[in-house]
Amino acid sequence: MILLLLLIIPLLGGVLGLLWQRRASSLSAFSIASVFALTLYAYFWGESRTGLEDFWLLEFKADWFYLGLDGLSFVLLLTSEIMAGLALVLSFDKPKEQFFLLTTVSGLIGLLLSIDLLSFFVFWELMLVPVYFWVLLYGKERKIFAALQFIIFTQLSGLILLASIIALFNYTGTLDINQLSGIQLPAGPEFWIASGFTLAFLIKLPAFPLHTWMPSLFRDAPIPAILVGLLIKTGAYGLLRFVLPLFPQSAQVLAPFMMFLGGIGVIYGAVLAFSQKNPRKVLAFSTLSHASLMLMGLFSNNLLALSGVIVLILTHALASAGLFVALEAHFGFSLFFAMALLGLPGLGNFVGELLLLFGLFQQHPWAAMIGATSLVLGAAYMLRLIIQLYYGSATTNSLKKSPVLACTGVAMILLWIGLSPAPLLDLVVPTWKDENTEPSQEPEPEPGPGEELSLEGAGNA
Amino acid sequence: MTAFEWLLAPIALGITVLLLQAAFARSNRASLAISVLSLVTSYYWGHNYFDQLILISSVAVIFFACLKEGSSEEFKILILLSTLGALTCIHSDNWMNLFVGIELLTLPIYGLIAWDAHNSKNIQAAIKYLVLAGGSSAFLLLGMAFLYAEPGSMALQLGSAKGSLLLFVGIGFKLSLAPFHLWTGDVYEDAPLPVTGFLATVSKIALVGVLVHVNPTQAVTPVLSAMAILSMIAGSLLTLRQQNMSRFLGYSSIAHMGYILVAWLVGGNIGFYLAAYTVTLLLIFWMLSWNPESKAGSLGLVFGFLSLMGLPILPIFWGKYQILLTAFSSEHWWLFGVFVFSSLIGVYGYARLIARVCLRSVQA
């Protein structure tokens with residue numbers, strides 16, 4: 001029930017705000033704050049644990065509409081609610097845009113909570129609708145092109161996902177992830193279904209040859225739409241939640257290919273980011289570069305790398321969001337978030353990248369070496385961005401009070417994750433371990449010590 | 001009287017009363033009341049799913065015509081006659097009845113398309129439809145003759161391969177399946193809007209209702225699969241650069257009839273898809289005849305087009321989902337693949353149209 005409320009509150013807030021536009025801002029703020037509080041409540045004090053499937057902390061099930069909460073979705077939920085808060089700060093005097101903001105958030109929450117593939121698909125598609133209209137109505141000059149390109153690519157990914165889901169249902173008779181994890185598919189279909197899912201998620205991630213929708217969208221979309229709609233890596237989440245646990249063997253088979261795509265993406269994204277004039281496009285290509293790094297980590301079959309991916313999903317979203325807010329308006333914050341993005345030790349992104357690269361190196365040393373170049377290249381394009389924006393003429397800090405406050409909050413979180421990532425990893429990693437040691441994928445020989453080692457390294461650095 | 005006669009009687013009575021009324025006391029309101037009353041009474045007797053869809057659509061079309069401009073008695077008489085034909089189609093159990101039903105369905109439509117006799121475009125569309133529909137009726141009749149001659153029975157069975165193929169030329173024309181779809185764009189664009197609504201719903205439902213009476217046979221399946229694939233692809237490709245809303249709906253109906261043909265070939269759930277499609281079209285035509293420029297009108301249109309696009313939780317998605325499930329489990333890979341692919345192509349057309357509707361309403 002609480003989970004259902006998490007979905008309904010933003011939706012209701014959005015609709016009420018549209019009807020009563022004078023109070024829209026306070027309604028939106030109230031609904032985002034209450035969803036945030038409710039998420040915390042649900043995770044730490046939610047009563048349930050009814051023993052249906054003891055894996056999920058909380059469940060809501062009505063036929064195919066099946067929601068569940070665990071550590072992974074909890075962490076991503078909190079992140080997306082923080083991003084929603086940031087987006088709200090940016091669109092405080094635009095009541096109509098807040099409607100799109102809240103409906104997107106509602107879809108995003110549904111997506112992160114779904115544990116039945118059909119409901120996941122429904123939210124996957126529903127989430128793109130408000131983003132489409134948002135870009136279409138409130139974007140910058142080439143908005144129609146950007147919106148159309150966005151909807152076509154995402155529908156392509158959606159239809160591939162749908163076809164794979166139908167194929168999966170045909171072989172297993174269920175789409176519930178709890179039951180699916182116990183079913184062993186025949187090798188041939190498993191490979192094709194897994195490839196279908198992977199392709200669908202790669203488009204949304206985005207990964208190298210399928211990323212073309214993203215730069216134009218980043219250029220012309222309203223910034224709040226980018227924050228809530230695109231920076232949360234739902235593609236990476238889909239890979240993490242569905243592909244890796246359900247099709248471990250096929251993931252192994254696909255891994256070299258993904259390493260290849262990821263390796264190209266890391267370098268290609270960085271090189272293009274270095275040569276862009278528009279700061280938003282720099283961020284778009286830096287996102288491509290980081291998403292490719294995540295892709296390499298996801299398919300590395302290594303617990304360390306996976307925890308790195310999760311940390312990187314969060315910190316990359318937060319740091320880019322902060323940079324978007326501060327862009328051309330506040331030098332200090334721009335520099336801080338740019339430093340976070342280029343992987344300065346002591347900030348969250350560094351922890352994520354380091355864990356990811358450590359884990360990757362154990363499995364695929366060559367891939368890790370290519371991935372590690374992202375740290376160097378990232379420094380190059382981020383510093384160039386800062387020089388381009390602030391060097392030369394005198395600039396004043398034009399950021400208003402509430403964005404400054406929000407940026408401070410995000411900076412604190414990044415600093416906290418950077419200095420002491422253990423609490424975050426404790427939240428996420430156990431759930432992942434439970435989920436993954438059961439299928440035939442062999443676990444790390446000794447995940448414990450390796451993890452502690454790396455954490456110490458992160459702390460010391 | 002049988003159930004079927006009970007179904008037709010109110011409409012026939014309504015037609016008679018309307019004729020009398022047109023002769024003695026013309027009144028738009030009275031004729032609206034009479035026609036709606038007769039259709040609703042008939043709905044009360046209808047037990048068949050398709051009956052209900054047809055009657056709902058007919059009432060809706062009469063209602064749209066009144067929204068657009070006060071429509072006269074004759075318009076309603078023609079609509080009622082055509083509805084009568086549609087119901088006859090669905091309930092016929094032999095080829096002869098079926099042919100009479102189809103002709104009764106089609107003949108009033110010629111008049112309806114040319115309703116505004118001062119508009120040369122309407123007349124042109126009517127003549128186009130008349131010539132092509134006449135030709136297709138000839139194919140239909142020849143096919144029925146073959147189907148009767150070989151087994152020697154009038155029962156609705158696809159006994160003869162030659163006959164079934166000729167029959168499907170006729171049916172394919174009425175359902176605007178490729179390669180018999182060429183009339184669709186012109187007629188949809190040039191006919192009066194409520195009549196386009198009628199063509200898009202009632203006439204299609206009736207023919208689909210005929211389709212579900214027979215089962216696909218070995219002889220026709222490959223040809224019809226090819227027709228379905230062609231329709232899906234041609235329909236979605238034709239929508240891509242279409243500016244005119246009615247013409248767009250015509251082209252999109254080609255693709256959607258292709259989807260329905262797929263459902264029929266793989267033994268999927270046609271009824272749900274057809275109902276979802278009809279409801280969506282009625283919403284769109286309602287908005288078009290009411291006030292497409294206003295805020296609420298644009299919102300309705302956007303919802304309609306999102307549903308046609310196949311967005312989840314809007315009705316057509318569930319129809320598509322069921323058909324795709326059946327197509328996959330019955331191993332019709334080509335039909336499955338083309339279905340998905342054509343949905344993807346269609347997205348661009350729908351998204352572009354939605355963008356136009358939205359931006360226009362924001363600027364207004």
Side-chain angles (χ1 to χ4, degrees), chain A residues 18 63-65 96 100 107 110-111 114 117-130 132-139 143-173 175 189 192-193 196 200 203, chain B residues 232 236 240-241 266 268 295 298-299 301-303 305-314 316-333 335-364:
Chain A
L18 198 62
D63 197 15
W64 57 269
F65 189 77
K96 282 179 190 158
F100 292 113
L111 183 103
S114 294
L117 273 164
L118 188 54
S119 62
F120 179 80
F121 172 75
V122 167
F123 285 113
W124 178 267
E125 293 274 289
L126 283 186
M127 203 193 114
L128 73 93
V129 176
Y132 172 70
F133 286 110
W134 200 351
V135 177
L136 192 66
L137 296 176
Y138 301 100
K143 56 190 179 178
I144 300 181
F145 174 75
L148 281 178
Q149 208 181 13
F150 171 68
I151 202 166
I152 288 167
F153 270 93
T154 41
Q155 281 285 321
L156 171 67
S157 116
L159 283 166
I160 295 171
L161 191 60
L162 180 65
S164 318
I165 286 173
I166 284 172
L168 187 63
F169 183 77
N170 190 46
Y171 286 109
T172 59
L175 290 174
W192 289 112
I193 293 171
I203 295 172
Chain B
M232 291 189 282
S236 347
L240 287 187
R241 301 210 61 80
V266 303
K295 278 240 167 69
S298 328
L299 196 67
L301 282 178
V302 166
F303 264 100
F305 287 122
L306 283 177
S307 174
L308 282 183
M309 191 164 94
L311 190 82
I313 73 164
L314 292 176
I316 287 185
F317 168 73
W318 297 112
K320 275 191 176 175
Y321 181 67
Q322 287 173 348
I323 297 175
L324 281 172
L325 271 181
T326 331
F328 195 93
S329 61
S330 60
E331 307 194 339
H332 288 84
W333 309 118
L335 292 178
F336 179 82
V338 176
F339 195 130
V340 173
F341 180 63
S342 104
S343 309
L344 177 65
I345 306 175
V347 167
Y348 177 71
Y350 293 119
R352 232 168 61 101
L353 203 64
I354 291 171
R356 263 184 52 218
V357 170
C358 271
L359 292 175
R360 193 184 57 195
S361 110
V362 166
Q363 280 154 12

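Since we're looking at a predicted model, the values are computed, not measured. Protein chains get the first letters and strands the later ones, always in sequence-line order, with residue 1 at the start of each.
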Bottom line for Ile144(A): the part with an atom under 4.5 Å from chain B's heavy atoms is side chain
Among Ala147(A), Ala167(A), Gly158(A), which residue has the highest count of heavy-atom pairs closer than 4.5 Å to chain B? Ala167(A)
Walk me through it: do Leu128(A) and Gln155(A) pass the test side chain to side chain contact (heavy atoms under 4.5 Å, CB included)? CA-CA 9 Å; Leu128(A) 73 93; Gln155(A) 281 285 321; 4.2 Å; yes
Inter- and intrachain pairs under side-chain hydrogen bond (donor to acceptor under 3.5 Å, both in side chains), touching residues 348-358 of chain B, at least two apart: Gln243(B)-Arg356(B), His256(B)-Tyr350(B)
Derivation and outcome, side chain to side chain contact (heavy atoms under 4.5 Å, CB included), residues Phe328(B) and Trp333(B): CA-CA 7 Å; Phe328(B) 195 93; Trp333(B) 309 118; 3.4 Å; yes
Taking side-chain hydrogen bond (donor to acceptor under 3.5 Å, both in side chains) as the definition, give me every residue that meets it alongside Ser157(A), ordered by chain and number, with sequence neighbours left out. Trp124(A)
Name the region of Leu162(A), side chain, backbone, both or neither, that has any atom closer than 4.5 Å to a heavy atom of chain B. side chain
Test side chain to side chain contact (heavy atoms under 4.5 Å, CB included) applied to Leu240(B) and Ile345(B), step by step: CA-CA 8 Å; Leu240(B) 287 187; Ile345(B) 306 175; 3.9 Å; yes
Under 4.5 Å from any heavy atom of chain B, what part of Ile160(A) do you find: side chain, backbone, both or neither? neither
Which portion of Phe133(A) sits near chain B, non-hydrogen atoms under 4.5 angstrom: side chain
If you count heavy-atom pairs within less than 4.5 Å of chain A, which of Ser343(B), Ser329(B), Gly337(B) leads? Ser329(B)
Do the rings of Trp134(A) and Phe100(A) sit parallel, tilted or perpendicular, given the 30° and 60° boundaries? parallel
The interface call for Phe336(B) against chain A, heavy-atom contacts under 4.5 Å, is side chain
Only pairs of heavy atoms separated by less than 4.5 Å count here; which of Ile354(B), Leu311(B), Leu314(B) has the most with chain A? Leu311(B)
Tell me whether the count of non-hydrogen atoms from other residues, nucleotides or ligands lying under 6.0 Å of CH2 in Trp192(A) goes above 12. no
Which bit of Phe317(B) is near chain A, if near means a heavy-atom gap under 4.5 Å: side chain, backbone, both or neither? side chain
Checking Leu148(A) against chain B: side chain, backbone, both or neither under 4.5 Å from a heavy atom? side chain
